[in-house]
Trainee: 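Next up is a structure, given as structure tokens.
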2 protein chains.
Amino acid sequence: MTTHRPFHHGNLRAVLLDQAERTLREGGVDALSLRELARKAGVSHGAPRSHFVDRQALLDALAERGFDRLADEVEAAIAADGADYKERLRAIATSYVHFAVTDAALLDLMFTAKNGDAPGLRAASQRLFAAVGDLIDRGTETGELEHHDAHRLQMLFAAIMQGIASLVSSRRISAQDGDALIDDAISLLVREQEQEPDDIGRSGSGERPRRLAD
Amino acid sequence: MTTHRPFHHGNLRAVLLDQAERTLREGGVDALSLRELARKAGVSHGAPRSHFVDRQALLDALAERGFDRLADEVEAAIAADGADYKERLRAIATSYVHFAVTDAALLDLMFTAKNGDAPGLRAASQRLFAAVGDLIDRGTETGELEHHDAHRLQMLFAAIMQGIASLVSSRRISAQDGDALIDDAISLLVREQEQEPDDIGRSGSGERPRRLAD
DNA sequence: CCTAGTTTCTAGTCAATGTCTAGTTCGAGG
DNA sequence: CCTCGAACTAGACATTGACTAGAAACTAGG
């Protein structure tokens with residue numbers, strides 16, 4: 001067995017991040033300590049510094065990872081076929097809120113006021129919002145969504161998800177209330193399709209939305 | 001001048017909180033240190049402990065204060081007369097987002113995952129949501145809002161505000177985008193009143209909502 | 001007025017942490 | 001083989017949160 005500690009860990013950065021994610025989930029941000037992580041990884045207390053200049057750099061990396069993971073889930077939910085548009089929206093929102101429940105502290109980290117400086121973090125978050133935005137765009141193009149302004153609709157949807165996630169994450173409302181709110185929000189946004197079949201094909205041109213204010 | 005330090009500060013708790021709020025606004029949560037606050041207040045490093053058992057207790061107190069202040073603003077916006085319902089909603093949402101911009105770190109503190117335990121904090125936050133809820137209720141009663149479920153509409157509105165505030169606070173979207181989103185959201189929620197005058201009086205009974213999906 | 005009790009504050013101490021520096025080990029490329 | 005840089009060790013330092021014992025000041029009851 002090569003159980004002897006090699007000088008070079010070789011995998012330290014990933015190990016630290018994995019452990020940090022677990023600690024974050026169990027004990028919150030305050031439970032995160034570079035030295036403690038080093039101890040658990042079996043390296044000296046200064047070792048993490050080779051991979052994270054700062055404690056903040058670790059937190060940024062965790063947030064970036066969070067965005068990546070969430071973006072993955074959202075993209076998967078979008079790609080899932082065999083589901084109608086409304087179901088797909090609900091799938092996104094649900095995975096979003098689920099993420100907020102199981103990784104509340106991480107979500108806090110992702111949307112805390114003090115970051116936004118790290119370049120990688122911005123990129124990762126933009127990937128998430130781009131994915132959401134694409135689905136919204138697809139909806140406006142097929143006429144399933146009202147569109148006064150596609151970009152603003154993207155932001156509105158993102159804001160609603162983030163809001164529900166935030167309230168659930170801070171335990172201001174329960175998880176099932178969160179689910180109910182998702183349904184309400186989607187019902188509010190998605191044009192009801194009790195219209196005649198040919199009415200669907202008719203949309204897509206730049207007509208005036210039907211039920212949204214101006 | 002009674003400039004001599006009395007042994008008893010007499011006002012320490014309030015002074016600490018004020019200074020903490022300022023520090024929070026300028027440097028974020030990480031800049032908050034009990035010892036530093038004590039120094040600035042001219043007391044010994046152990047003095048704050050008489051008023052806050054914990055650093056977390058200070059953060060909780062700050063969050064509670066934040067909820068109180070925000071609730072005050074919201075209640076004021078509601079009480080303002082001479083404004084129609086839609087304007088009043090917009091006033092609330094705007095003060096909410098404004099709060100998120102000027103006190104981003106404080107908002108984080110208010111909606112972080114790890115609190116919710118402190119009793120005073122819960123009470124203060126419930127005061128805020130009660131205020132918002134009242135206005136929503138008023139809207140459903142006069143028929144200006146669709147109402148499948150008043151309580152869920154309250155939560156939905158709260159979630160939307162919180163979501164916009166969160167995105168603005170984390171600088172994911174700009175402040176003017178936030179304003180635009182407020183308008184969009186309100187337009188989405190408020191029933192357009194291009195209906196005939198007598199149509200307004202007709203609402204209020206338990207009729208089926210018109211444009212919301214069941 | 002005086003005195004006992006309680007709150008507020010002081011001062012000293014301790015372990016833990018983030019950060020810095022100098023030096024060591026390892027691996028890859030010339 | 002040699003050199004150079006990245007990864008890691010080990011020691012140090014200042015700062016912080018938390019705990020303790022005790023002094024100072026306010027409060028209330030006699």
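Residue numbers start from 1 in every chain, and the chains themselves are labelled A, B, ... in the order their sequence lines are given, proteins ahead of strands. The model shown is predicted, which means the values in this text are computed figures rather than measured ones.
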Trainee: Rounded off to whole Å, could you give me the CZ-to-C1' distance for the B:Phe52 and C:dC9 pair?
Mentor: 15 Å

Trainee: Strictly by modelled atom types, are A:Gln162 and A:Tyr96 linked by a side-chain donor-acceptor pair under 3.5 Å?
Mentor: yes

Trainee: Would you say A:Asp108 and A:Val29 make side-chain contact, with heavy atoms under 4.5 Å?
Mentor: no

Trainee: Each nucleotide N or O in nucleotides 11-16 of chain C that has a protein N or O under 3.5 Å away: list the pair and distance.
Mentor:
unit_1	atom_1	unit_2	atom_2	d
C:dG12	O6	B:His45	NE2	2.7

Trainee: How long is the line joining NE2 of B:His51 and P of C:dT8, in whole Å?
Mentor: 6 Å

Trainee: In whole angstrom, give the distance that lies between atom CG of A:Leu16 and atom P of D:dC8.
Mentor: 9 Å

Trainee: What is the distance, to the nearest angstrom, from the CD atom on B:Gln56 to the P atom on D:dG17?
Mentor: 12 Å

Trainee: Got a salt bridge between A:Asp72 and A:Arg127, using NZ or NE/NH1/NH2 to carboxylate O under 4.0 Å?
Mentor: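 Yes, charged N to carboxylate O under 4.0 Å.
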
Trainee: Write down the distance between CG (A:Asp30) and P (C:dT17), rounded to a whole number of angstrom.
Mentor: 13 Å

Trainee: Can you tell me which nucleotide in C:dT19, D:dG17, C:dT17 comes closest to the side chain of B:Leu34?
Mentor: D:dG17

Trainee: When the distance from CG of A:Leu59 to C1' of C:dT17 is rounded to whole Å, what number comes out?
Mentor: 14 Å

Trainee: Report yes or no: is the cationic atom of A:Arg172 (NZ for Lys, CZ for Arg) under 6.0 Å from the centre of the six-membered ring of B:Phe129, at an angle within 45° of the ring normal?
Mentor: no

Trainee: Using salt bridge (charged side-chain N to carboxylate O under 4.0 Å, His left out) as the criterion, point out the one residue from A:Glu21, A:Glu75, A:Glu64 that pairs with A:Arg69.
Mentor: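 Of A:Glu21, A:Glu75, A:Glu64, salt bridge (charged side-chain N to carboxylate O under 4.0 Å, His left out) with A:Arg69 is met by A:Glu21 alone.
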
Trainee: Taking the basic N atoms (NZ, or NE/NH1/NH2) and the acidic carboxylate oxygens, is any pair closer than 4.0 Å for B:Arg13 and B:Asp18?
Mentor: no

